[in-house]
Amino acid sequence: MKRRSDCIALVVGVAVAAVAGCSTPVDGAAAQPPVEKITFHPCDGFPQDAIEAAKIDVRAGSRLSDEPANRSCSYRSRNPDYGVVISAIAETFSSVESSDRFNVLRETEIGGRDALVSDFRGGSACTVSVAIEPGILEFMIGYSELEDFTTVDAACDQAMKVATALAPYFPDHL
């Protein structure tokens with residue numbers, strides 16, 4: 001069990017580091033536009049009945065990130081046994097589509113919102129990114145030979161189930 005939690009925390013750490021860019025201008029370089037502030041936190045934003053409906057209520061959400069541009073929360077399920085990280089990220093939907101960090105597998109719609117289903121580069125996690133202004137609400141489930149989900153397809157199927165179950169509770173604005 002510990003190994004799975006560590007694996008998910010590592011994947012999230014990599015994702016958070018990849019999302020967090022440097023906004024300090026270098027001599028002669030243009031400054032990055034200011035990053036949107038995210039006010040929705042997945043640990044607080046979903047009611048308990050929504051978490052129960054998504055069947056990720058084994059452990060209360062654990063805060064992984066509380067940065068202004070990335071607020072992440074980890075949940076657990078036992079049947080099947082897996083962890084899911086839900087993040088509200090100040091990243092545009094189009095930046096996910098064009099990012100080298102993701103291999104976009106398909107476009108879809110969840111709860112009336114555009115969504116991307118992607119394999120995180122390196123083959124470690126499936127992400128479902130839902131467009132909600134000013135960024136994305138991301139659902140990440142890891143896969144490996146050590147996990148209950150051993151393929152990207154299995155992890156993506158479960159990430160879609162979780163995102164779809166929580167769709168009625170999506171905020172209007174992150």
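The figures that follow rest on heavy atoms only: side chains count, while hydrogens, waters and symmetry mates do not.
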Value for CG (D81) from CZ (R76), rounded to nearest 0.5 Å, stands at 4.5 Å

Residues L116 and V96: closest non-hydrogen pair is CD1-CG1, 3.7 Å

Contacts satisfying ring pair (Phe, Tyr, Trp, His ring centres under 6.0 Å) that involve residues 146-174 (not counting sequence neighbours) are Y82-F149

Scanning both residues in full, the closest heavy-atom pair of G111 with A167 reads CA-CB, 3.9 Å

Closest heavy-atom pair, G45 versus F40, reported as atoms and distance to 0.1 Å, is CA-CE1, 3.3 Å

Output for pair (D114 CG, S129 OG), nearest 0.5 Å, gives 11.5 Å

Of all heavy-atom pairs linking I110 and V128, the shortest is CD1-CG1, 3.6 Å

Sorted by chain and number, sequence neighbours left out, side chain to side chain donor-acceptor pair (under 3.5 Å) with S62 holds for R59

* Report, as yes or no, whether the 6.0 Å neighbourhood of atom CG on D49 holds more than 12 heavy atoms from other residues, nucleotides or ligands. => yes

Sorted by chain and residue number, the side chain to side chain contact (heavy atoms under 4.5 Å, CB included) partners of P168 (sequence neighbours excluded) come out as none

pair P171-I132: side-chain heavy atoms closer than 4.5 Å: yes

Between I51 and L166 the two heavy atoms that sit nearest each other are N-CD2, 4.3 Å

A88 and L174 have their tightest heavy-atom pair at CB-CD2, 4.0 Å

Does the side chain to side chain contact (heavy atoms under 4.5 Å, CB included) test come out yes or no for N79 and K55, once each step is laid out?
CA-CA 8 Å; N79 190 15; K55 298 180 181 171; over 6 Å; no

Value for CZ (R71) from CZ (R63), rounded to nearest 0.5 Å, stands at 8.0 Å

Query raised in the report: Is I141 close to Y143 at the side-chain level, that is, under 4.5 Å between some pair of heavy atoms?
Result: no

Practice task
Output, in order, the C-alpha distance, side-chain angles, deciding distance and verdict of side chain to side chain contact (heavy atoms under 4.5 Å, CB included) for E133 and E36.
Solution key: CA-CA 10 Å; E133 289 297 324; E36 293 282 345; over 6 Å; no

d(F93 CZ, S98 OG) to nearest 0.5 Å is 11.0 Å

- prompt: Less than 4.5 Å apart, any side-chain heavy atom of D153 and any of C126?
  reply: no

(Q) When you measure from the side chain of S65 to the backbone of N70, do you find a donor-acceptor pair of N or O atoms at a distance under 3.5 Å? (A) yes

Between the CD atom in E147 and the CD atom in Q158, the distance rounded to the nearest 0.5 Å is 12.5 Å

The reported gap from CD in E138 to CD1 in I89 (rounded to nearest 0.5 angstrom) is 4.0 Å

Report task. Test side chain to side chain contact (heavy atoms under 4.5 Å, CB included) on V162 and Y75 and set out the steps. Result -> CA-CA 11 Å; V162 172; Y75 291 95; over 6 Å; no

